[in-house]
**Q** 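If you scroll down you'll find the structure; I have some questions about it.
All values below come from the heavy atoms of this structure, side chains included, with hydrogens, waters and symmetry mates left out.
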Amino acid sequence: MSTAGQVIRCKAAVAWESGKPLSIEEVEVAPPQKDEVRIKILFTSLCHTDVYFWDAKGQNPLFPRILGHEAGGIVESVGEGVTDLKPGDHVLPIFTGECKECPHCLSEESNMCDLLRINTDRVGMINDGKSRFSINGKPIYHFLGTSTFSEYTVVHVGQVAKINPHAPLDKVCVLSCGMSTGFGATVNVAKPKKGQSVAIFGLGAVGLAAAEGARVSGASRIIGIDLNPSRFEQAKKFGVTEFVNPKDYNKPVQEVIVEMTGGGVDRSVECTGSIQAMISAFECVHDGWGVAVLVGVPNKDDAFKTHPVNLLNEKTLKGTFFGNYKPRSDIPAVVEKYMNKELELDKFITHTVPFSEINKAFELMLAGEGLRCVIRMDP
C-alpha cells in the first residue's frame, strides 16, 4: 500500500525542553512539498552537535524539536519538482545542502550553498517556513533541515545524497556529518603530501576522521594532541603515531611540537573548537609551507590573536566546513571509498542501541565513552 501523498503516523524522539531526556512520541509527518523528499530513516547516529543544541547552553533554546542529522535511509516519496530521486533510493540526509544554482554551488572552490547552508535557528522547511511534523495538530520544530530522530522525516532535495544501494546504511550513515568533516578537512583542505607530518588537535570522532585522512594520504608522523590520555590507545587504530597531552608541559604545546619535529609539522588540523587549540594548531606548523586547518566550532563570542609575523613567515591558516564536500556531488564518492576499502568506518562505530533507548546514546556521549553510537530505528 502506497503512503505517498498521505500523512504518516510514526514514532519520533522529541526534545521537549533543554537537557531533559528525549521522549518517544507518535508524530504526524506531512507529505513532502515542492522540492522535498520524505525519507524512511533506518539508522541514525548521535553527533556532538545534537547534544549541543539539546543542551542549548549558549544557543537559542528552540523546543519542542526533533533533533538528529547523521543518518541513512530510503526515499519513501518525493514532492513536486523532484526529478533526481525516486522512492526506493538509498540516501544520506545532510545538514547542509547543494542547490546546484547559486554562486557557491557553481564554484569549484566552495560548498557553502546560499540557499541551504547550515542554519541552526531554522525550524521549518525553506519552501514555506512550516514544519512537516506535528503532534495533535501542534507543530514540532525541525533541526538542521534533517530531524533524523524520527522513523520518517522530510528533507529538502538539495540536502539528500543518493548513494550506492549496496552500501550498509548502518555504517555509511556516519559519513553524513562527522566522518566526512574530519576526513575531508585533511584530504581536501590540509592536503598533506606523502611522507609529511600532521598534527591533529582533539581526538574525538572528527579528529580521528582527520587522522584517518592523514593515514590514507601517507603521512609519516601523525601527532595526536588531547587533554585526555585515555584516548591515545584508541587513536593508534586511526594511524596516530605519537601523543601529546598539553597538561604534561609547562610551556605552550605549539613549542613542544616545534621542538619534536625540528621546526614544526607540515600540516595541522584542529577539531576541538577551543580558541587555545586554534592558536596552537596555527603556530605549530612549519614556516615556509605549513598549513593549519580549523574544523572545530567556537563559541559565538570567541576571538583569538596571533602575531601577524606567523603569516608573513608563510604559514597558512584555513577554515573548512563539512570537509569542503558538496553533499550531492561529492558524498556518493566518499561512500565508494568505504566500499573499496580505502576508508575504514567500522572502527568509528563503538556502540549500537535500539531507537527505544536513544537516551542511552546521549549518556554515552556525555560520559565521553566511545566515538559513534548508531541508533537502529527497527525495533
**Q** Rounded to the nearest 0.5 Å, what separation is found between the NE2 atom of H142 and the CZ atom of R65?
**A**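 Between H142 NE2 and R65 CZ, I get 10.5 Å after rounding to 0.5 Å.
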**Q** Can you tell me how far apart CG (D170) and CG (D346) are? Round to the nearest 0.5 Å.
**A**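 The distance works out to 8.5 Å.
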**Q** Have a look at F355 and tell me which of I41, D378, I375 forms a side-chain contact (heavy atoms from CB on, under 4.5 Å) with it.
**A**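 For F355, the side-chain contact (heavy atoms from CB on, under 4.5 Å) check succeeds only for I375.
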**Q** In the structure I gave you, are the side-chain heavy atoms of D248 and F243 within less than 4.5 Å of one another anywhere?
**A**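 They are not in contact (no side-chain heavy atoms under 4.5 Å apart), so the answer is no.
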**Q** I'd like to know if V285 and F304 are part of one continuous hydrophobic network [Ile/Leu/Val/Met/Phe/Trp/Tyr, side-chain heavy atoms within less than 4.5 Å].
**A**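 F304 and V285: separate clusters.
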**Q** Quick one: pull up SG in C113 and NE2 in H156 and give me the separation to the nearest 0.5 Å.
**A**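 Between atom SG of C113 and atom NE2 of H156 there are 8.5 Å.
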**Q** In the structure I gave you, are the side-chain heavy atoms of D50 and C47 within less than 4.5 Å of one another anywhere?
**A**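 Yes - at least one pair of side-chain heavy atoms lies under 4.5 Å apart.
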**Q** Would you say the ring centers of F143 and F95 fall short of 6.0 Å from each other?
**A**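 No, the ring centres sit 6.0 Å or more apart.
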**Q** Quick one: do Q276 and S274 satisfy side chain to side chain donor-acceptor pair (under 3.5 Å)? Show the steps, please.
**A** CA-CA 5 Å; Q276 198 48 57; S274 141; over 6 Å; no
**Q** I need the Q159 CD to I126 CD1 distance, nearest 0.5 Å.
**A**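 If we round to the nearest 0.5 Å, Q159:CD and I126:CD1 are 6.5 Å apart.
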**Q** Looking only at the side chains, is there a donor atom on one of E25 and S23 sitting less than 3.5 Å from an acceptor on the other?
**A**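 Note: E25 and S23 side chains meet the donor-acceptor criterion.
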**Q** Going by an N to O cut-off under 4.0 Å, is there a salt bridge joining E76 and R38?
**A**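 Yes, charged N to carboxylate O under 4.0 Å.
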**Q** Using the rule that two of Ile, Leu, Val, Met, Phe, Trp, Tyr join whenever any of their side-chain heavy atoms come within less than 4.5 Å, decide whether V244 and F282 are in one cluster.
**A**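 Each belongs to a different hydrophobic cluster.
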**Q** Within the structure provided, determine whether S217 and V187 are in side-chain contact (heavy-atom separation under 4.5 Å).
**A**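 Answer yes - side chains close enough.
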**Q** Between atom CE of M179 and atom NZ of K171, what is the distance when rounded to the nearest 0.5 Å?
**A**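 Spacing of CE (M179) from NZ (K171) equals 14.0 Å.
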**Q** Do S110 and H104 have side-chain N/O donor and acceptor atoms under 3.5 Å apart?
**A**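 Distance-only check passes for S110 and H104.
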**Q** Taking atom CZ of F63 as the centre, does the number of heavy atoms from other residues, nucleotides or ligands within less than 6.0 Å exceed 12?
**A**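 Buried by this count: over 12 neighbours within 6.0 Å.
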**Q** Please check: side-chain N/O of D287 versus main-chain N/O of E314, any donor-acceptor pairing under 3.5 Å?
**A**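 Checking the backbone N and O of E314 against the side chain of D287, no donor-acceptor pair under 3.5 Å is found.
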**Q** Excluding sequence neighbours, so at least two apart, what forms side chain to side chain donor-acceptor pair (under 3.5 Å) with T96?
**A**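 Here no residue qualifies.
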**Q** Would a hydrophobic clustering, with Ile, Leu, Val, Met, Phe, Trp and Tyr connected at side-chain separations under 4.5 Å, put V174 with I118?
**A**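 Yes, same cluster.
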**Q** Give the intermediate values and the outcome of side chain to side chain donor-acceptor pair (under 3.5 Å) for residues T306 and E283.
**A** CA-CA 8 Å; T306 185; E283 295 184 354; 2.7 Å; yes
**Q** Students often mix this up, so state it plainly: with edges at 30° and 60°, are the rings of W289 and H286 parallel, tilted or perpendicular?
**A**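 Rings of W289 and H286: parallel, as their planes differ by under 30°.
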**Q** Run the salt bridge (charged side-chain N to carboxylate O under 4.0 Å, His left out) check on R9 and E26 step by step: do they pass?
**A** CA-CA 6 Å; R9 290 173 182 272; E26 183 177 82; 3.4 Å; yes
**Q** Rounded at 0.5 Å granularity, tell me how far CG in D35 sits from CD in E80.
**A**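 The CG atom of D35 sits 8.0 Å away from the CD atom of E80.
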**Q** For residues 193-214, which side-chain N or O atoms pair as donor and acceptor with protein atoms under 3.5 Å away, sequence neighbours left out?
**A**
from	atom 1	to	atom 2	distance (Å)
Q196	OE1	K193	N	2.9
S197	OG	D266	N	3.1
S197	OG	D266	OD2	3.1
E212	OE1	R215	NE	3.2
E212	OE1	K347	NZ	2.8
E212	OE2	R215	NH2	2.8
E212	OE2	E344	N	3.2

**Q** State, yes or no, whether a side-chain contact exists between I223 and T261 at a heavy-atom distance under 4.5 Å.
**A**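 They are in side-chain contact.
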**Q** Applying a strict under-4.5 Å side-chain criterion to I, L, V, M, F, W and Y, I'd like to know whether V265 and I279 cluster together.
**A**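 No; I279 is not reachable from V265 via cluster members.
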**Q** Tell me, do S180 and I331 make a side-chain contact under 4.5 Å, heavy atoms counted?
**A**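 Side chain of S180 against side chain of I331, heavy atoms only: contact under 4.5 Å found.
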